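Bear in mind that the values here come from a model prediction, so they are computed numbers and not experimental data. Naming: A, B, ... by sequence-line order, numbering from 1 per chain.
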Amino acid sequence: MTRPVRVRFAPSPTGSLHIGGARTAIYNWAFARRSGGTFILRIDDTDAERSTQENTGVILRSLRWLGLDWDEGPEIGGAYGPYFQAERAGLYHEALESLRASGHAYPCFCSAEELAAKREAARSRGGFSGYDRTCRALSAQEAADRIDAGAPHVWRIKVPVGRDDITFDDAIRGEIIFPADAMDDFVLARTDGSPTYNFATVVDDWKMEITHVIRGDDHLSNTPRQIVVFEALGAEVPRFAHLSMIWGADGKKLSKRHGATSVEAYRDGGILPEALLNYLALLGWSLDGETTIVSARTLTENFSMERISKNPAIFDLEKLEWMNGVYIREMSPRQLAERMMPWLAEAGLTAADDFQTRETWYLELAPLVSERVKRMTEIAPAVGFLFADEVTAEASAAAKAYADETAVSALAAASDALSGLDVWSTESVEAALRAVPESLGIKPKVLFQAVRVAVTGSLVSPPLFESLALLGREASVARLQAALALANG
RNA sequence: GGCCCGUUCGUCUAGCGGUUAGGACACCGCCCUCUCAAGGCGGAGAUCACGGGUUCGAAUCCCGUACGGGCUACCA
């Protein structure tokens with residue numbers, strides 16, 4: 001009863017890692033780490049049609065990017081492999097063989113059409129609409145004869161007659177009871193001999209000695225079926241924990257129309273892995289109801305299934321973005337500078353290794369953007385003016401900033417003041433610029449906005465004096481001159 | 001149709017018989033301020049889906065109802 005904790009995340013490589021799958025993986029991982037257990041990654045690729053190696057690669061990369069590491073699975077192996085279902089066919093055959101031998105499985109020769117007709121009839125009658133067990137009544141001899149004659153057939157589980165209700169204590173939902181008489185003799189192996197999902201997972205969870213199955217809510221109704229198989233196999237039934245779904249803003253299942261649903265889409269959208277991990281962890285789990293910023297470490301040290309909520313959660317992009325901003329602001333200038341380089345390079349502003357050649361410059365730049373961006377993708381547009389040869393202000397911005405006559409003359413004065421500076425620093429630039437409106441008797445803001453547009457090309461930018469300091473005297477003065485030329489016709 | 005699950009501010013949640021129902025995002029106002037942010041302070045926002053019980057007392061326990069979701073496949 002006190003087996004060492006072994007949990008697994010078993011995605012189907014039929015697409016990239018979905019946000020809901022990521023959360024399931026996070027909970028499994030956190031639970032394993034918290035309890036000193038083993039986190040296993042298994043690839044459920046029985047669906048050969050839709051499964052691809054490429055998707056498997058994407059899923060592994062996404063998990064790693066999130067900071068999750070597995071103890072057994074693809075790329076690292078383990079004592080319970082293989083970790084791809086496609087490579088475990090032999091195990092499923094063996095398991096089916098043993099069920100056959102012990103009388104827990106029987107062949108069914110009913111055709112798809114027959115089954116569909118029966119189902120429909122049963123449903124219109126009301127009540128139970130599962131398989132009517134026609135073939136279960138066949139004698140062993142007759143069944144064997146028909147198999148020998150080459151009759152196509154599937155193998156079904158023989159749900160024990162007169163069995164008690166199937167109950168289990170879900171770690172999240174508590175006691176769950178399914179009436180045994182509503183249990184279907186579902187299919188274990190298809191006509192082609194391949195195992196169905198409900199059979200393959202049970203065999204795998206059994207063979208891999210999984211102790212806790214933490215998975216999506218959509219499997220809750222599959223659980224009694226799987227329990228029947230565990231029991232028929234003589235295997236210990238693991239503890240189950242069913243997570244509710246993640247929904248889109250409209251309360252419908254999260255799908256493409258709600259925007260990005262894959263982990264890599266958020267990565268590409270400038271979301272930090274620690275922020276996504278934090279957000280997803282809290283979407284259905286709480287540390288204490290108060291804390292919102294939870295590190296991976298805090299998560300693995302405090303995770304508990306008792307604090308997982310039962311109700312479905314709506315994915316709130318705004319909160320994720322806020323959280324991402326928090327993580328950006330928490331970074332030291334050096335961390336931010338290093339991590340923003342790929343994004344600057346991606347935007348074509350500079351080479352990623354430029355950080356090495358101008359470290360100080362980037363260390364001064366980082367704090368300027370840290371508190372005004374929510375996503376890493378917003379950095380390049382915000383600082384692009386520092387990398388451009390020249391800027392052209394948007395017409396509306398120019399119109400607004402240079403509308404005032406005094407602004408233009410102040411611009412000229414500012415240009416003079418700056419070009420005559422001995423020392424070029426944030427402090428000296430600020431002192432020089434503040435002196436101008438004072439002597440001209442105009443509002444500082446009028447000048448500052450005019451300078452901002454002239455130098456950055458926009459009415460909105462990082463702090464002005466710091467920006468000029470980083471831009472350098474030559475470029476700053478040149479931009480002011482260009483703006484003057486423009487404003488004067 | 002049958003079976004199962006869910007329901008606390010717009011959203012994520014705290015709460016596990018006695019609270020002015022707490023926090024976070026978003027929203028509004030004020031302060032700070034060279035723009036935008038960030039930050040600080042404050043505000044508004046939940047008759048705890050509804051109806052019955054149990055109890056001195058219920059968001060918390062029980063039963064119904066409604067609404068939403070899942071399963072009911074030789075998908076996973």
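- Summarising the geometry, atom CD belonging to Glu94(A) is positioned 10.5 Å from atom CZ belonging to Arg88(A); distances are rounded to the nearest 0.5 Å.
- For Phe465(A) and Phe448(A), the distance between ring centers is under 6.0 angstrom.
- Nucleotide rU7(B) has rA66(B) as its partner under the Watson-Crick or G-U criteria, with both atom distances under 3.5 Å.
- Atom CD of Glu321(A) is separated from atom P of rA37(B) by 14 Å (rounded to the nearest Å).
- Side-chain contact, Gln85(A) with Asp44(A): a donor N or O sits under 3.5 Å from an acceptor N or O.
- Atoms CD and OH, from Glu321(A) and Tyr279(A) in turn, are 10.5 Å apart once rounded to the nearest 0.5 Å.
- Judged by the 6.0 Å distance and 45° axis criteria, Arg156(A) is not positioned over the aromatic ring of Phe186(A).
- At whole-Å resolution of the value, CZ in Arg215(A) and C1' in rC5(B) are 14 Å apart.
- Remark: rU47(B) base-pairs with no nucleotide; criterion is Watson-Crick or G-U wobble with both hydrogen-bond distances under 3.5 Å.
- Nucleotides rG6(B) and rC61(B), compared at atom P, are 11 Å apart to the nearest Å.
- If you check every strand for non-hydrogen atoms under 4.0 Å, Val154(A) touches a base.
- Atom CD in Gln226(A) sits about 12 Å away from atom P in rA76(B), given to the nearest Å.
- For the P atoms, the distance linking rG18(B) with rC30(B) amounts to 41 Å, nearest Å.
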Pull out every protein N or O sitting under 3.5 Å from an N or O of nucleotides 70-72 of chain B, one pair per line with the distance.
unit_1, atom_1, unit_2, atom_2, d
rG70(B), O2', Asp218(A), O, 3.2
rG70(B), N2, Ser221(A), OG, 3.0
rC71(B), O2', Arg225(A), NH2, 2.2

Polar atom pairs between nucleotides 38-42 of chain B and protein, under 3.5 Å, N or O only, would you list them?
unit_1, atom_1, unit_2, atom_2, d
rA38(B), O4', Glu371(A), O, 3.1
rA38(B), O3', Arg329(A), NH1, 3.2
rG39(B), OP1, Arg329(A), NH1, 3.2

Worked check of salt bridge (charged side-chain N to carboxylate O under 4.0 Å, His left out) between Arg42(A) and Asp205(A): CA-CA 10 Å; Arg42(A) 183 175 80 217; Asp205(A) 290 341; 2.9 Å; yes
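- For the pair Ile59(A) CD1 and rA76(B) P, the computed distance is 15 Å after rounding to whole Å.
- Residue Thr201(A) has no polar side-chain atom (N or O) positioned under 4.0 Å from OP1 or OP2 of rA76(B).
- Using atom P as the reference point in both rA38(B) and rG22(B), the two lie 26 Å apart (nearest Å).
- With P as the reference atom, rC16(B) and rU60(B) are 13 Å apart, rounded to whole Å.
- Base engagement by Pro463(A) is indicated by at least one non-hydrogen atom pair under 4.0 Å involving a base atom.
- The distance between atom CD1 of Ile246(A) and atom C1' of rG6(B), rounded to the nearest whole Å, is 16 Å.
- Among the heavy atoms of the strands, none lies under 4.0 Å from Leu447(A).
- Atom P of nucleotide rC4(B) and atom CE of Met183(A) are separated by 12 Å, given to the nearest angstrom.
- In this pair, Tyr27(A) and Phe303(A) present their aromatic rings tilted. The plane angle is within the 30 to 60° band.
- With C1' as the reference atom, rU20(B) and rU54(B) are 27 Å apart, rounded to whole Å.
- The C1' atoms of rA44(B) and rC3(B) are separated by 44 Å, rounded to the nearest whole Å.
- Glu466(A) comes within contact range of at least one nucleobase, with a heavy-atom separation under 4.0 Å.
- A 4.5 Å side-chain heavy-atom check between Leu276(A) and Leu320(A) finds at least one atom pair inside the cut-off.
- No donor-acceptor pair under 3.5 Å is formed between the side chain of Asn198(A) and the backbone N or O of Thr201(A).
- Taking atom CD1 on Ile172(A) and atom P on rC5(B), their separation rounds to 14 Å, with Å as the unit.
- As rounded to the nearest Å, rC12(B) and rC27(B) have C1' atoms that lie 16 Å from one another.
- Between the side chains of Ser111(A) and Glu114(A), at least one donor N or O sits under 3.5 Å from an acceptor N or O.
- One distance of note links CZ of Arg173(A) with CZ of Phe168(A); it measures 9.5 Å at 0.5 Å rounding.
- Here Arg434(A) reaches the OP1 or OP2 of rC34(B): one of its side-chain N or O atoms lies under 4.0 Å away.
- rG39(B) and rC32(B) have their C1' atoms separated by 8 Å, with the value rounded to a whole Å.
- Pairing of rC36(B), defined by two Watson-Crick or G-U wobble distances under 3.5 Å, is not identified with any nucleotide.
- With rounding to the nearest 0.5 angstrom, the OG1 atom of Thr191(A) is 12.5 Å from the CH2 atom of Trp155(A).
- Classified by interplanar angle (parallel below 30°, tilted 30° to 60°, perpendicular above 60°), the ring pair Phe109(A)/His153(A) is tilted.
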Return the polar atom pairs (N/O with N/O) between nucleotides 12-16 of chain B and the protein under 3.5 Å, or none.
unit_1, atom_1, unit_2, atom_2, d
rC12(B), OP1, Ile314(A), N, 3.1
rC12(B), O2', Leu282(A), O, 3.2
rU13(B), OP1, Gly284(A), N, 3.1
rU13(B), OP1, Ser309(A), OG, 3.3
rA14(B), OP1, Ser286(A), OG, 3.4
rA14(B), O3', Arg307(A), NH2, 3.3
rG15(B), OP1, Arg307(A), NH1, 3.2

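- If you take CD1 of Ile328(A) and P of rC36(B), they are 20 Å apart, rounded to a whole angstrom.
- Side-chain contact between Val369(A) and Leu336(A): present, with at least one pair of heavy atoms (C-beta onward) separated by less than 4.5 Å.
- Using a 4.0 Å heavy-atom criterion, one finds that Pro444(A) contacts no nucleic acid atom at all.
- Within the nucleic acid shown, Ser194(A) has no heavy atom closer than 4.0 Å to any nucleic acid atom.
- Taking a pair to require two hydrogen-bonding distances under 3.5 Å in either a Watson-Crick or a G-U wobble arrangement, rU54(B) remains unpaired.
- As the counterpart of rA14(B), no nucleotide is assigned, since no Watson-Crick or G-U wobble pattern has both distances under 3.5 Å.
- Side-chain atoms of Arg452(A) come within donor-acceptor range of the base of rC34(B), with a qualifying N/O pair under 3.5 Å.
- Using the Watson-Crick or G-U wobble rule with both distances under 3.5 Å, rG42(B) pairs with rC28(B).
- No contact: Phe186(A) has no heavy atom under 4.0 Å from any strand.
- Of the candidate nucleotides rC74(B), rC36(B), rC34(B), rC34(B) has the atom nearest to the side chain of Lys445(A).
- Between Phe315(A) and Tyr266(A), the gap from one ring centroid to the other is short of 6.0 Å.
- Comparing atom distances between the Arg173(A) side chain and each of rC5(B), rA24(B), rU35(B) picks out rC5(B) as nearest.
- Across the interface with RNA chain B, nearest-nucleotide mapping of Ile176(A) and Leu464(A) shows Ile176(A) to be the residue nearer the 5′ end.
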